[in-house]
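Before any comments, here is the structure.
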Amino acid sequence: MMSQEGGKGKKRKESHQEKPHSGNIPERITNQQSSARKKKRPRTNTSSKNTKALPHVSAPSQKSSTPREPRAGHNNSAINRHLTMSLVSSSRKREAAEKIDMLRKVPTVPLVARPRSRSVKSKASAVAKFVLDDLQKFIKKNTGLGPFDTETDTQTSTGAGTSSGADSSFSAGLEPLHIGDRSNSESDASDDSAEHGADIYTPLLKLTKPRPDNGMRVPMFIKEPEMYPCIKALFRYVDDAIDRSPSAGNTRRRLKVCCKSDTTPSGADDYNRIDIGLSSRLKTPDDDASGELNKPDYGDMLAVIEAKRSITEQTVAYRQMYMYTRNIYPEQAGRRFVWGFTFCDSVAHACILGHDNVFSSDAMDLSTSEGRSAFVALAVDMSFCESDQLGYDPNIYHNATRKRWEMSIYDDALKKQQTYHVLGCVQAADRVYGRHTRCFICRKVGSDSESAPEAALEESAASNATSHGKRDILVKDAWPHAEIADGNRNQRARDEIEMMRTIDEKLGNDPDFQDKYPKVVAAGVVRQFCGSKRTPIEDTTENMFAKLGKDIINDIPHRVHKRIAMEPVGLSIRKVRSVDELIVVAADVMKAHQEILRRCDILHRDLSLYNMLMTRDSDGMAHGMLIDFDCAVWASEESAQPRANMTGTLPYMSIANLDELAIKRTSLDDWESLIYILCWLGTFGINDQDEKSVDTSKHLPIKAWAEGNAESSASSKRDQMTSAAFVRNIGSKFLDIEGYTVLAMLVLQLRDKLFDNPKISPIARGTKDQKTAQLELVFYNRSVEQETKGFLDEHLDKSILDPFARRAEFEKKISDDLWAVMADAQQQALERIRQQRLQ
């Protein structure tokens with residue numbers, strides 16, 4: 001049957017098959033990595049062709065210690081689909097420049113990789129001393145002391161630094177190495193295949209050649225590619241020298257550089273070519289040290305190495321390293337932070353790329369014994385330290401006995417760890433900084449379905465996971481900010497777990513809100529067992545980067561690693577089959593939003609396309625579900641303490657939020673976000689069948705909401721949300737498909753009730769700012785008393801002229817008007833759906 005929705009236009013295509021979706025960020029669950037670019041995707045990116053909506057864990061490759069963990073690949077958001085690759089690339093370059101401009105030089109960076117156990121630390125120091133002596137002898141044997149070298153070749157290393165720590169052992173069996181199945185053993189031509197002869201170490205001599213100490217540092221390399229064999233030879237020498245050390249033993253981590261350099265790694269979502277990829281492998285007694293990695297793969301990359309021929313290009317090297325590192329997070333579901341290296345001439349820097357900051361070590365000048373000592377000590381420490389010190393998460397691990405990936409969740413209500421079988425990663429982190437939100441489809445170990453065949457589990461996960469009786473749950477893994485109060489962490493100030501449990505306590509017995517919000521199954525702060533400590537510690541940035549020093553820790557944002565297992569598993573709102581279903585789902589979401597605010601005192605603050613999910617009941621009827629309370633606050637506290645902050649997703653954020661106006665946040669901000677969401681879907685398509693291509697959407701005014709920064713997005717919305725401009729620039733651009741006229745009329749009514757509500761005075765209407773409102777009064781020779789007489793805001797403080805501030809004072813009345821419009825639209829949509837089903 002065709003839809004009976006109002007409005008004329010093209011007939012809708014047949015409804016599409018639905019796939020399970022993240023319970024956190026709906027639109028980003030898909031791993032079909034289609035790009036907004038016009039050109040063909042990079043040949044190396046095979047993820048979009050070889051993965052499923054819920055990819056299974058692949059079998060181990062010949063050289064891997066564990067199979068690749070479940071991954072979703074790069075996010076394909078509804079925003080990025082309508083931006084050209086040029087705009088996306090420009091945005092990423094701006095981000096890299098902004099973050100690197102805030103880079104901090106921290107001498108203690110190498111200490112983060114320093115082994116915790118006294119015994120392992122002692123072993124690493126002994127090995128580092130041996131490797132450095134061996135390297136110095138190699139340099140002397142092949143070059144002798146250079147004319148400018150005044151140092152002795154017998155200097156030894158005692159490690160990158162010393163620090164106290166609890167005893168621990170190197171737990172090789174549980175390390176979640178990200179070994180790719182994209183066959184690094186391919187026979188593709190290597191750009192430096194000649195290095196595999198007897199002289200594979202010789203190129204490092206050019207990197208370590210002494211430079212004149214006269215202030216005139218002339219670059220040793222004419223072209224950047226000349227550096228690649230030198231850097232790779234250095235890593236190979238150190239790795240092989242560790243094997244020769246009598247103190248090394250048989251259990252450690254190998255640092256392996258890939259043969260191919262200046263290439264686009266597998267798993268990339270762009271055309272950027274990294275200089276060198278550094279991966280790792282676990283060495284065992286039966287290990288074959290001769291194996292080499294052919295092509296870099298973001299799925300098992302430990303660090304990106306960026307090289308520049310001159311030390312004057314250090315900032316450029318940092319920026320490129322940052323930008324390329326972004327690709328590691330979507331490909332590695334268990335990565336907490338990432339290491340990186342830059343080599344400018346002979347000067348190396350080790351970097352830690354955290355959630356909010358980039359930390360760089362002091363310069364390690366490889367042309368000096370001191371610099372080589374520091375580099376060798378760090379490389380050796382990275383070979384022996386525990387996996388969490390390299391940024392991996394030991395709580396996501398491969399169970400070799402059951403041949404599957406599992407995840408541990410600490411439930412703070414039960415005060416114990418629970419284990420879940422990971423069916424797939426449906427939402428990946430997509431950037432270096434931020435919360436690194438990931439979502440996994442899981443099943444609790446020990447449940448009735450545990451004995452089901454693997455194929456049955458995958459089929460269940462790939463079906464509509466929101467039907468009653470399904471046992472699949474969604475696990476959200478994220479790093480939200482931890483609130484600080486009086487010098488102590490106060491997680492209760494804005495704790496998503498507490499809020500979700502409060503919502504369930506207040507609304508859990510109300511049948512009208514069944515499956516309208518996610519229910520917590522298990523949740524808590526992730527806990528790490530570091531070394532031999534019997535008592536686990538909370539996984540926080542404070543504990544993770546403790547070796548950087550108290551001054552650094554106290555000066556960076558504090559984040560806490562949390563996992564929340566919840567049900568049901570929802571579907572993306574873009575899985576609706578018609579405009580009428582979209583209206584029904586949106587109304588359910590806003591009803592839940594309003595009741596959670598009224599009965600639980602919780603203001604969501606982050607309504608977006610990704611936080612509005614849908615479910616289907618046994619009759620196939622669509623319902624809405626509001627998720628993701630990461631940014632939610634206790635409304636009563638927010639009302640009493642206005643804040644100037646910016647929270648949300650750029651195209652859907654309210655004007656007051658984008659402009660960071662110092663006015664209290666209210667539910668009207670989320671209603672405004674709903675209007676922008678509906679506008680976006682109406683313009684670009686509510687689902688994949690209706691989606692507008694990049695070519696046809698290139699010059700649409702609405703794209704300005706997503707293409708610029710917060711200031712430009714706010715300015716565009718102020719201009720376009722006026723009555724006349726809205727019809728001309730937004731409403732008239734809705735798709736010419738059946739049902740979209742109904743959606744356009746609904747959005748127009750919501751816009752009128754929010755921005756031009758007849759109950760409030762002309763001063764409180766529109767999108768102008770306070771200064772414009774003052775000028776209008778002067779220009780028309782009108783007073784505030786004259787303008788407000790007979791309206792709701794008649795007795796409001798006359799100094800408040802900003803329309804957004806005035807409307808915020810009448811949040812309840814305006815939101816009631818908005819809900820009346822939404823409820824009426826929902827009833828009409830439900831009636832049309834019922835009539836269609838009867839035909």
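Side chains of Q826 and D588: a donor-acceptor N/O pair is present below 3.5 angstrom, by distance only. Defined by atom type and a distance below 3.5 Å, a donor-acceptor pair is present between the side-chain atoms of S712 and N709. In this model, no donor atom of one side chain and acceptor atom of the other lie less than 3.5 Å apart for R326 and Y324.
Not a single ring pair (Phe, Tyr, Trp, His ring centres under 6.0 Å) links H593 to another residue, sequence neighbours left out. Under the salt bridge (charged side-chain N to carboxylate O under 4.0 Å, His left out) criterion, E831 pairs with R834, sequence neighbours left out. Scanning for side chain to side chain donor-acceptor pair (under 3.5 Å) contacts around E711 gives an empty result, with sequence neighbours left out. When the side chain to side chain donor-acceptor pair (under 3.5 Å) test is applied to S673, no partner is found at least two apart in sequence or on another chain. Residues passing the side chain to side chain donor-acceptor pair (under 3.5 Å) test with T325, sequence neighbours excluded: none.
Using bins of under 30°, 30° to 60° and over 60° for the plane-to-plane angle, the ring pair H355/H436 lands in the tilted bin.
Within the structure, ring-ring contact (aromatic ring centres under 6.0 Å, His included) pairs that include any residue of residues 702-727 comprise Y676-W705 (at least two apart or interchain).
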Next item on the list: Decide yes or no on salt bridge (Lys or Arg N to Asp or Glu O under 4.0 Å) for D477 and K562, but give the supporting numbers first.
Entry: CA-CA 6 Å; D477 182 289; K562 295 182 181 180; over 6 Å; no
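Listed here is the closest heavy atom pair of A622 and V584: O-CG1, 3.5 Å.
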